[in-house]
Visitor: 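Just dropping this structure here.
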2 protein chains.
Amino acid sequence: MEIIERKPRSREQTRSGIVKTAKSIARREGWQAVSIRKIADAIEYSAPIVYEYFDSKDVLLDEIRNEGFRHLYQEYDRILKLYRDPEKRLYEISVVQWEFARQQPEIYQVMYNLAGAYCTMPVCRSEMMQAVSDIVCQTLFSFIPKSKESIKRLYFQWWALSHGMITLAMLLKDEQPVEQSEQIYCETMRRFVRQLS
Amino acid sequence: MEIIERKPRSREQTRSGIVKTAKSIARREGWQAVSIRKIADAIEYSAPIVYEYFDSKDVLLDEIRNEGFRHLYQEYDRILKLYRDPEKRLYEISVVQWEFARQQPEIYQVMYNLAGAYCTMPVCRSEMMQAVSDIVCQTLFSFIPKSKESIKRLYFQWWALSHGMITLAMLLKDEQPVEQSEQIYCETMRRFVRQLS
DNA sequence: GTCTTCAGTTAACGGTGTTAAATTGAGTGT
DNA sequence: ACACTCAATTTAACACCGTTAACTGAAGAC
């Protein structure tokens, strides 16, 4: 009767289909609901096929995490090319970080193992994360040229402030409207940036 | 042959045994390795017994989470009774928060759904968490009596800064020694507190 | 002795990540 | 036309998970 159920797809298409499906399930139902079988169903294959593209679920999550850091890296890079003023640069980077977490929360979650997402690979081993760190440190340096150690401290503080507000805003979004959190975020990051001068 | 394998225990002993076992597995192997069967094995019962004490794994995690917030509440309360100076109060509260996360990371993780821990119950619905929020807000108010809205903003900033540094320190502990993170934490929190005056 | 009660067990259901084995089917040599 | 090969894909299995229903066995009541 039926000729071909499944549309023929290239390897690349199938691969990105797996990634896309994983993200969409995570967005709708949370990362703890993402399973290999569910992904396989969605892409109209059986479960073992997924293993032809990713050695394990862990590797799949790691890929999505790195995709997230790469996206962030590209955005930061764009900002560095767009603005010369260090103050403007760091503030815009902060805003981009917020918008990324807001628009793609499921990716932000897997990047930091939040909300039940769990990827075994240590975050700090990710090359893309290192690149992101470097680009922010570079911005901080163009701001106030200090010792490497000082820059690292400053970076840790900036990162913690931004990451802390983002994760808390996610956690409290039922109590405290996101718009309000966003306002506090922007104001706080602005003040952090200003105080650096 | 064998008379009684398992030592007789009271209901309370068994219950706290379940909680203790869950925490100890989480500490050793991470929350994703905590299973009802493993807990049951450790307390020398079969799995369904656990359900006589906790309706679900979720409820068990929620209990541990609330235990964490209660512990924090008691510590904060102790500090409020110990010091009168608001600056000292808030700083000591910050330090206690750090020490708690350092000494009982597995509890801190389940409180905020970090590192693969996943408890469905929304954090902000926890009564103990509300009590913790109130006590810090109270401290902030004794600091600078301002509008409720202002205090809430200040609290969000303090919380985000502290929580952000704690989670990042956990994440980066292989790269950045904990002692170093602790030093930056203390310095940053001290500055935050001072700047409030 | 039988009956009830109850703590505790086993067994099961539907799910998970993962892997080995079986199956399908199309292309090729003769 | 038939057999053979080879790759793609699926089925079946393993050991685990949370959870629940059904069962067991012993103690106490009558």
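So that the names make sense, note that chain A is the first sequence line, chain B the second, and so on, each numbered from 1.
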Visitor: Please state how far atom CG in B/Leu61 lies from atom C1' in D/dG18, giving the value in whole angstrom units.
Guide: 12 Å
Visitor: Counting just side-chain N and O atoms, does B/Tyr45 come under 4.0 Å of either OP1 or OP2 of C/dG8?
Guide: yes
Visitor: Is the phosphate of D/dT9, meaning OP1 or OP2, less than 4.0 Å from a side-chain N or O of A/Ser46?
Guide: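 For D/dT9, neither OP1 nor OP2 has a side-chain N or O of A/Ser46 closer than 4.0 Å.
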Visitor: Find the distance B/Ile49:CD1 to C/dC6:C1' and express it as a whole number of Å.
Guide: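 One finds 11 Å between C1' of C/dC6 and CD1 of B/Ile49, rounded.
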Visitor: Are A/Arg78 and A/Glu75 ion-paired here, with the side-chain N under 4.0 Å from a carboxylate O?
Guide: yes
Visitor: Once you apply a heavy-atom cut-off of 4.0 Å, does A/Glu52 come out as touching a base, just sugar-phosphate, or nothing?
Guide: base
Visitor: Specify the separation, in whole Å, of atom CD1 of B/Ile43 and atom P of C/dG8.
Guide: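 Checked: the CD1 to P distance equals 10 Å.
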Visitor: What is the distance, rounded to the nearest whole Å, between atom CD of A/Gln32 and atom P of C/dG15?
Guide: 16 Å
Visitor: With axes from five pairs an end, tell me the bend angle of the helix from C/dG1-D/dC30 to C/dT30-D/dA1, nearest 10°.
Guide: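 Roughly 50°, once rounded to the nearest ten degrees.
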Visitor: Less than 4.0 Å between a side-chain N and a carboxylate O, is that true for A/Asp77 and A/Lys81?
Guide: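 A salt bridge is present here (some side-chain N lies under 4.0 Å from a carboxylate O).
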Visitor: Tell me: CG of A/Asp41 to P of C/dG14, nearest whole Å?
Guide: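 It is 16 Å, rounded to the nearest whole Å.
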Visitor: With B/Val193, which residues qualify under side-chain contact (heavy atoms from CB on, under 4.5 Å), at least two apart?
Guide: B/Glu87, B/Leu90, B/Tyr91, B/Phe143
Visitor: According to ring pair (Phe, Tyr, Trp, His ring centres under 6.0 Å), who are the partners of B/Phe156, at least two apart in sequence or on a separate chain?
Guide: none
Visitor: Mind checking if A/Val34 touches a base, just sugar-phosphate, or nothing, with heavy atoms under 4.0 Å?
Guide: sugar-phosphate
Visitor: Check the distance between D/dC17's P and B/Ile39's CD1 and give it to me in whole angstrom.
Guide: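 The answer, rounded to whole Å, is 10 Å.
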Visitor: Which residue pairs pass the side chain to side chain donor-acceptor pair (under 3.5 Å) test with at least one member in residues 50-61 of chain A, sequence neighbours excluded?
Guide: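 Qualifying pairs: A/Asp58-A/Thr120.
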Visitor: With sequence neighbours excluded, what pairs up with A/Gln138 under the side-chain hydrogen bond (donor to acceptor under 3.5 Å, both in side chains) test?
Guide: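 side-chain hydrogen bond (donor to acceptor under 3.5 Å, both in side chains) list for A/Gln138, sorted by chain: empty.
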Visitor: Just by distance, no angles: are the side chains of B/Gln157 and A/Arg191 close enough, under 3.5 Å, to form a donor-acceptor pair?
Guide: yes
Visitor: Could you run down the sub-3.5 Å N/O contacts of the protein with nucleotides 19-24 of chain D?
Guide:
| residue | atom | partner | partner atom | Å |
| --- | --- | --- | --- | --- |
| D/dT19 | OP2 | B/Tyr51 | OH | 2.8 |
| D/dT19 | OP2 | B/Lys57 | N | 2.9 |
| D/dT19 | O5' | B/Tyr51 | OH | 3.2 |
| D/dT19 | O4 | B/Arg37 | NH2 | 3.3 |

Visitor: Tell me whether A/Glu106 is salt-bridged to A/Arg27, with the criterion being a basic N under 4.0 Å from an acidic carboxylate O.
Guide: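 Salt bridge present between A/Glu106 and A/Arg27.
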Visitor: If you measure only the distance, is there a donor-acceptor pair under 3.5 Å linking the side chains of A/Gln130 and B/Glu175?
Guide: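 A donor-acceptor contact under 3.5 Å links the two side chains.
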